[in-house]
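Quick caveat: nothing in here was measured; it's all calculated off a predicted structure. In what follows, chains are A, B, ... by sequence order, proteins preceding strands, each numbered from 1. These numbers come from the heavy atoms of this one structure, side chains and all, not from hydrogens, waters or symmetry mates.
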Amino acid sequence: MKVAYWPGCVSRGFTPELHGSMAKIAPLLDIELVELDRACCTGAGVIAEHNQELADTLNARTFALAQQVDGAELMMNICSTCQGAQSECQERLDANAEYRGHVNETLAGEGLTYEKGLTNKNFLWLLVEEIGLDALRAKVKRPLTNLKVGPFYGCYIVRPRERLGIDAERPRDHYLDMVIDALGGTVIEYAGMRKCCGFPIITMNKDASLKQAGRHLGDAVDAEADCLVTPCPLCHLNLDLQQPLAEKVVGRDLEMPVLHLPQLVGLALGLEPKELGLNRHVVRPTSVIDWSTSVVGAAA
Amino acid sequence: MPAEAHDRPAEQFNLRLRRYDPESGEAPYWDEHTIELEPHRSVLEAILQAKDRFDGSIGVRCSCRQAICGSCGVRVNGEPALACHTHLDAAKASAKDGVIEVEPMGNMPVLKDLIVDMDAVHWKKIQRVTPWLIAKQPVPEREYLVGKENMVDITQSMACIQCGACVSDCLAMEVDPGFIGPAALAKAYRFVGDPRDDQQDIRLKDLAEDPQGIFDCTHCFKCVEACPKDVNPMGQIMRLRRIAIDDQKIVDKNNGERHEAAFTTLVKDYGLLHEAELLPRSYGGNSWFGKFHPAAGKELLSSLPVVLKGLLRGKVNPKLALFGHKLPAADLKQVQRIYDTVEGREQRYELNLYITGYDEVEETPVPGGATSTNGGVSPAATTASGGGESPPAAPETEGSAS
């Protein structure tokens, strides 16, 4: 399937292995990525905090660009925070025709218009709803047997449920669990799996921020997870890049590798850890996962 | 609820209650009871039946039984809820093993069983924000005359019934118990947004400078989800930040203003987020020179091991760290044009769906699409819009900056 692809900023900045691994696995899943390289940052909620209309207009521009991609079935992103920020703007734009017209007036200067009703899905949602778990299972070349994976969702992709279209029919807040299972891994449930990584307040209250990251990582250690997987690059920054600092704040060793979702999928689809950028993490998955019993170690 | 739900006969429901008496010296434990009620009846009625029939010592607080008084806040199957406002059939459906699990709320000490100490946490925090009107002088001889649009702006925060559900699940408070928290900050907006109040600037300065004030919220949406009255406490906190930073020009010591200014400016200058500049500017000030400020230097030094490790691993590309990534020139120009147009307006526009409601939409399901859910009229919209009027994007109340 062809998708208008919004990679986000961080996936091309401080977590380049996310965008890189997505590009690697897309052809294996028959996804054609048409990158929205003219679109700007979603604002991650911060621009909306400053000026809601500004965030709505910038994102409406991205939506309009996505709607111009010939033959694209929908728009796809690989960042929970982008999904949340964009869904919030889209909710307002779709809810009120007069407001949408007002925002479109600003876009008219560039000849763009946003038409109500864009479908914008995080890769996680696309994987389950468009590709399907059975099709995914059929593509697995190296099942993640004996790999104990803790899902870490990120706030923006699980709350608020109504805005994000989460209900009994589409339990999007359980999709990570379902994907881990389809890839042959073992799902590890732990207290912090749907909690906040703390990243949004890292510059405002560093101690509280790292305490959040450290606690959830610690919970996962206690639940005996081998690694975590997350669809959010900002969570990844606090959970992986900042993990050495989080260890100091919570006063315990953590050594918990954190994988991006496309990396975990890529491993199961038979790609090598290095191609997926696993060697770029601060906590290297290969350094802690037992060689003999898991694919991640064995493939390193 | 469909009318026929009321006609269904009583059936059995299994309840699992968290019991704890701190004075007993015993550890908390689970207690199970089977009750019999019609499925549309509430979890509160089930608890009261268990108390009535099996164990009079079950501790639960309640009063109005119609979701107005805010007394019966608990956790049902792990999620915050008003016991009187949760139907038994719905609670059974969301239970992991068919047994409806009821626990006391979180973030507050348990007094007994399902009763938590609201005084020790919730009410103390409400007190913290001076929860009353400080009238502008001179006070008019008769009533204040205030434009309707000014008061509409604060109706959402006024809908709070002080049940503590948002406090119970606040993730910032979980790691930082001193955080003023969602309920109290929503209450603070109720007065900051009130044009009759004389201390908007003092209130905002206080809440911005407090390390556990408006900038301690992690934006996790837990309170938005928890609130039974659609108060959207997080949204109110964002409005407090917006007015503090953009109207009152408060530059706080917690980096709240610098972070927002740096983020917004960097996206304007680059089109994309330049992360390596964001951190130093959030500490040292919103310019390229921000990184040379002593506060930025101190922070960079403490983050140096992390940054170096990132560089070594090839995670952080040195060229990208220095120069950032940028949109193509023509697109960047369009982004900047949007900034200039929107920021150049005399008044900010803020569409609050709680007040305006949603357009009536025809149900046209999009194949597999995320959009079909966005069209529906939300309960919040229907309760708030009253007569179904749907004003356009309302100019945001500028409050009473004096």
Side-chain angles (χ1 to χ4, degrees), chain A residues 9-10 12-17 38 40-41 43 45-47 49-54 57-58 61 90-92 94-99 102 106 109-110 117-121 129-130 155 159-162 165 195-196 198 200-201 203-205 208 211-212 215 241-242 244-245 279-282, chain B residues 171-172 175-176 211 215-216 218-221 224-225 238 241-242 246 254-256 259-260 263-264 267 271-273 275 282 305-306 309-310 313-317 320 325 327-328 331 334-335 337-339 341-343 348-351 353 356 358-359 366 368-371 373-374 378 392-393:
Chain A
C9 304
V10 178
R12 293 175 286 181
F14 272 18
T15 61
E17 68 279 0
R38 294 176 50 202
C40 68
C41 171
V46 182
I47 294 181
E49 169 190 319
H50 161 71
N51 186 320
Q52 209 180 70
E53 187 198 347
L54 178 60
T57 313
L58 292 173
R61 180 177 178 274
Q90 194 187 352
E91 183 182 42
R92 285 190 287 266
D94 284 359
N96 189 312
E98 205 165 336
Y99 182 62
H102 169 78
T106 311
E110 196 184 347
L118 172 85
T119 300
N120 174 28
K121 292 190 180 185
E129 294 167 7
E130 307 291 329
C155 301
R159 287 180 291 272
R161 295 168 63 85
E162 196 174 314
K195 290 187 179 176
C196 178
I201 52 167
T203 57
M204 272 89 91
N205 187 341
K211 205 177 267 174
Q212 288 187 303
R215 256 192 208 187
L241 185 67
Q242 303 269 26
L245 298 178
N279 52 325
R280 291 190 164 181
H281 294 195
V282 166
Chain B
L171 294 180
V175 291
D176 186 7
F215 294 114
D216 205 19
T218 66
H219 212 275
C220 72
F221 298 94
V224 181
E225 195 69 19
M238 295 307 129
R241 288 186 184 177
R242 191 177 305 149
D246 293 290
N254 303 306
N255 303 324
H259 179 73
E260 188 203 279
F263 195 113
T264 311
V267 173
L272 299 167
L273 186 62
E275 302 115 312
S282 294
V306 168
K309 201 153 198 176
R313 292 280 156 94
K315 191 171 177 59
V316 183
N317 172 332
L320 197 72
H325 39 193
L327 282 188
D331 292 290
Q334 293 298 339
V335 167
R337 184 185 57 79
I338 292 172
Y339 264 82
T341 305
V342 176
E343 292 192 319
R348 279 193 311 269
Y349 276 77
E350 182 182 327
L351 184 77
L353 295 174
T356 63
Y358 294 66
D359 286 349
V366 180
T371 48
T373 54
N374 289 344
S378 84

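Of the listed residues A:G109, A:G45, A:G198, the one with more heavy-atom pairs under 4.5 angstrom with chain B than any other is A:G109. In terms of heavy-atom pairs under 4.5 angstrom with chain B, the leader among A:Q52, A:E49, A:E53 is A:E49. Counting heavy-atom pairs closer than 4.5 Å to chain A, the top residue among B:I338, B:V335, B:L273 is B:I338. The candidate with the highest count of non-hydrogen atom pairs below 4.5 Å against chain A, out of B:D331, B:N255, B:D246, B:L272, is B:D331. For the options A:P160, A:A97, A:P200, A:G43, heavy-atom pairs under 4.5 Å to chain B are most numerous at A:P160. With respect to chain B, the highest number of heavy-atom pairs below 4.5 Å among A:R280, A:R159, A:K211 belongs to A:R159.
Here the closest heavy-atom approach between residue B:E275 and residue A:V10 is recorded as OE2-CA, 3.1 Å. Nearest heavy atoms, B:R313 versus A:N279: CD-O, 3.4 Å. Closest non-hydrogen pair, B:H325 versus A:C9, comes out as CE1-O, 3.2 Å. Of all the heavy atoms in B:L351 and A:Y99, the pair that sits closest is CD2-CD2, 3.7 Å. When all heavy atoms of B:G310 and A:L241 are compared, the closest pair comes out as CA-CD1, 4.3 Å. Pairing each heavy atom of A:C40 with each of B:G271, the nearest pair is CB-O, 3.1 Å.
For chain A, the nearby part of B:L327 is the side chain; its heavy atoms alone come within less than 4.5 Å. Only the side chain of A:R61 comes within less than 4.5 Å of a heavy atom in chain B; its backbone stays farther off. Using a 4.5 Å cut-off between heavy atoms, B:P328 touches chain A through its side chain atoms alone. Proximity to chain B is limited to the side chain of A:E17, based on heavy atoms less than 4.5 angstrom apart. Interface remark: A:R92 contributes backbone and side-chain atoms alike to the contact with chain B (heavy atom separation under 4.5 Å). Residue contact with chain A, scored on non-hydrogen atoms closer than 4.5 Å, involves the side chain of B:T341 exclusively. In this structure, chain A has heavy atoms under 4.5 Å from both the backbone and the side chain of B:E260.
For the atom pair CG (A:N51) and CZ (B:R348), the distance works out to 6.5 Å, reported to the nearest 0.5 Å.
The shortest distance between side-chain heavy atoms of B:F263 and A:I47 falls below 4.5 Å. With a 4.5 Å cut-off on side-chain heavy atoms, A:V282 and B:V306 do not count as touching. The shortest distance between side-chain heavy atoms of A:L54 and B:Y339 falls below 4.5 Å. For the pair A:E110/B:R337, a side-chain contact is recorded, criterion being any heavy-atom separation below 4.5 Å from C-beta on.
With hydrogens and angles left out, the side-chain atoms of B:D176 and A:N205 include a donor and acceptor closer than 3.5 Å. A donor and an acceptor atom, one from each side chain of B:E343 and A:H50, are located under 3.5 Å apart.
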- Please lay out, stage by stage, how A:K195 and B:C220 fare under the test side chain to side chain contact (heavy atoms under 4.5 Å, CB included). CA-CA 8 Å; A:K195 290 187 179 176; B:C220 72; over 6 Å; no
